[in-house]
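Beneath this line is the structure, given in structure tokens, with notes to follow.
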Protein chains: 2
Amino acid sequence: MTTPPDAATWTALADPHRRAMLGLLRQRPRAVGELVDALELSQPSTSKHLRVLREAGLVRVRAQAQRRVYEVDPEPLVALDAWLAPYRRLWSDSLDALGRRLDGTAVEDPAHEPSEDTP
Amino acid sequence: MTTPPDAATWTALADPHRRAMLGLLRQRPRAVGELVDALELSQPSTSKHLRVLREAGLVRVRAQAQRRVYEVDPEPLVALDAWLAPYRRLWSDSLDALGRRLDGTAVEDPAHEPSEDTP
DNA sequence: CTGGCATATTCCTGTTCCGGCATACTTCTC
DNA sequence: GAGAAGTATGCCGGAACAGGAATATGCCAG
């Protein structure tokens, strides 16, 4: 049933700076200072955003002497991917004539996805 | 290069009610009243959320006499899917031994994705 | 054209969120 | 140890956002 993304995941990704951070960390792990330089953010602000990402489980920290090296933890993104799955048929059906390639996106009967996320 | 998701898409999806709405609309198009009943929200609040979704391009409206029937427009989700793509290798490489199935997720050389979203 | 239904919009309030500045904490260097 | 580098946290003001109530708008039935 593939757990839907945690609310924290969504709110973490809602911010452009945090998405940019994730983009940089996807390339390679980086210390906070590198991120401060790359994005044009103050160090405290950067740390706070990293905190949000960390608490959402999107990044992991490993301490290297005084510096903290952050790297992406893809797990919440897997959940996002799963969340997206049922919507995928909405366009793959029409645009992708090849249809059902044998990935997870098996063609299920309509209107029976997990109701998910209903508050 | 697959345009990255608009900021509006992310903020629209950041709200649980709006995600729930999208989930309901994915099953079938619905009029506002149906959504008001399904979610436990006031009608004005519902309309406002629909407005956000609409302006993000995530839903389309078609007028049916006095009622407005909403349905999902998957286009922004395609962008989301594309945004997710470069991250997918982070877990498909490790978990999915089958690797590079021939979808869009071709295996590119690391650390060269579009820098995207940098504010 | 009057009244009623379905939806959108406005106004207002409480809350959350972001950014900057100052500061505390930890670890390295000398 | 003293000081510096690297990072995290607290506090604050301003902006953005969510929800409710009341109201406005469009459309239909009689």
Side-chain angles (χ1 to χ4, degrees), chain A residues 5-25 28-73 117-119, chain B residues 5-25 28-73 117-119:
Chain A
D6 196 49
T9 304
W10 287 109
T11 62
L13 291 174
D15 185 87
H17 285 145
R18 287 192 290 260
R19 289 196 300 274
M21 287 177 166
L22 221 58
L24 291 169
L25 294 178
R28 54 184 154 93
R30 294 174 196 250
V32 178
E34 295 183 63
L35 295 172
V36 171
D37 295 348
L39 317 161
E40 306 221 319
L41 261 178
S42 71
Q43 178 269 312
S45 210
T46 304
S47 272
K48 272 191 280 189
H49 281 302
L50 285 170
R51 178 189 173 93
V52 175
L53 289 171
R54 187 179 354 124
E55 289 178 343
L58 282 160
V59 298
R60 251 192 300 269
V61 212
R62 109 185 85 103
Q64 204 173 72
Q66 318 131 26
R67 71 198 60 173
R68 309 286 184 127
V69 178
Y70 282 81
E71 69 183 325
V72 174
D73 182 346
D117 219 350
T118 318
Chain B
D6 197 47
T9 304
W10 287 109
T11 62
L13 291 175
D15 186 86
H17 286 144
R18 288 192 289 259
R19 289 196 301 275
M21 287 177 165
L22 222 57
L24 290 168
L25 295 178
R28 55 184 154 91
R30 295 173 195 249
V32 178
E34 296 184 62
L35 295 173
V36 172
D37 295 347
L39 317 161
E40 307 221 317
L41 261 178
S42 70
Q43 177 269 313
S45 211
T46 305
S47 272
K48 271 192 283 188
H49 282 301
L50 285 170
R51 179 189 171 93
V52 174
L53 289 171
R54 187 180 353 124
E55 289 178 342
L58 282 160
V59 298
R60 252 192 300 268
V61 212
R62 109 187 83 104
Q64 205 174 68
Q66 318 130 28
R67 68 197 62 171
R68 310 286 185 124
V69 178
Y70 282 80
E71 69 182 325
V72 174
D73 182 346
D117 218 349
T118 318

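Residue numbers start from 1 in every chain, and the chains themselves are labelled A, B, ... in the order their sequence lines are given, proteins ahead of strands.
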Parallel, tilted or perpendicular: which fits the ring planes of A:His17 and A:His49, with parallel below 30° and perpendicular above 60°?
-> perpendicular
Heavy-atom protein contacts under 4.0 Å, nucleotides 18-30 of chain D, coded B base, S sugar-phosphate only, - none = SBBBB----BS--
May I ask you to verify if any side-chain N or O of B:Tyr70 is less than 4.0 angstrom from the OP1 or OP2 atom of C:dA8?
-> yes
List the atom of A:Arg19, the atom of A:Leu13, and the distance in Å for their closest heavy-atom pair.
-> NH1-O, 2.6 Å
Reckon B:Ala63 touches a base, only the sugar-phosphate, or nothing at all at heavy-atom distances under 4.0 Å?
-> nothing
Considering all heavy atoms, the nearest B:Ala14-A:Ala14 contact | CB-CB, 3.8 Å
If you look only at pairs with a residue in residues 38-56 of chain B, which of them pass as a salt bridge (charged side-chain N to carboxylate O under 4.0 Å, His left out), with sequence neighbours excluded?
-> B:Arg51-B:Glu55
Who are the side chain to side chain contact (heavy atoms under 4.5 Å, CB included) partners of A:Asp37, not counting sequence neighbours?
-> none
Using a heavy-atom distance cut-off of less than 4.0 Å, which residues of residues 53-60 of chain A contact DNA chain C?
-> none
Is the side chain of A:Thr46 donor-acceptor paired with the backbone N or O of A:Ser42 at a distance under 3.5 Å, no angle test?
-> yes
Could you tell me whether a side-chain N or O of B:Asp15 sits under 3.5 Å from a main-chain N or O of B:Arg18, the two making a donor and an acceptor?
-> yes
Using the criterion of both pairing distances under 3.5 Å for Watson-Crick and G-U wobble pairs, give all stems of 3 or more consecutive pairs involving DNA chain D.
-> C:1-30 with D:1-30
Does A:Leu22 reach the side chain of A:Leu53, with side-chain heavy atoms less than 4.5 Å apart?
-> yes
Starting at CZ of A:Arg51 and ending at P of C:dG19, how long is that distance when rounded to a whole Å?
-> 16 Å
Using atom types as modelled, flag every donor-acceptor pair under 3.5 Å from a side chain in residues 29-36 of chain B to any protein atom, sequence neighbours excluded.
unit_1: B:Arg30; atom_1: NE; unit_2: B:Leu24; atom_2: O; d: 3.1
unit_1: B:Arg30; atom_1: NH2; unit_2: B:Gln27; atom_2: OE1; d: 2.7
unit_1: B:Glu34; atom_1: OE1; unit_2: B:Arg28; atom_2: NH1; d: 3.0
unit_1: B:Glu34; atom_1: OE2; unit_2: B:Ala31; atom_2: N; d: 3.2

Using atom CZ of A:Arg67 as one end and atom P of C:dT29 as the other, report the distance to the nearest whole Å.
-> 10 Å
Distance-minimising heavy-atom pair for A:Leu39 and A:Ala20 | CD2-CB, 3.6 Å
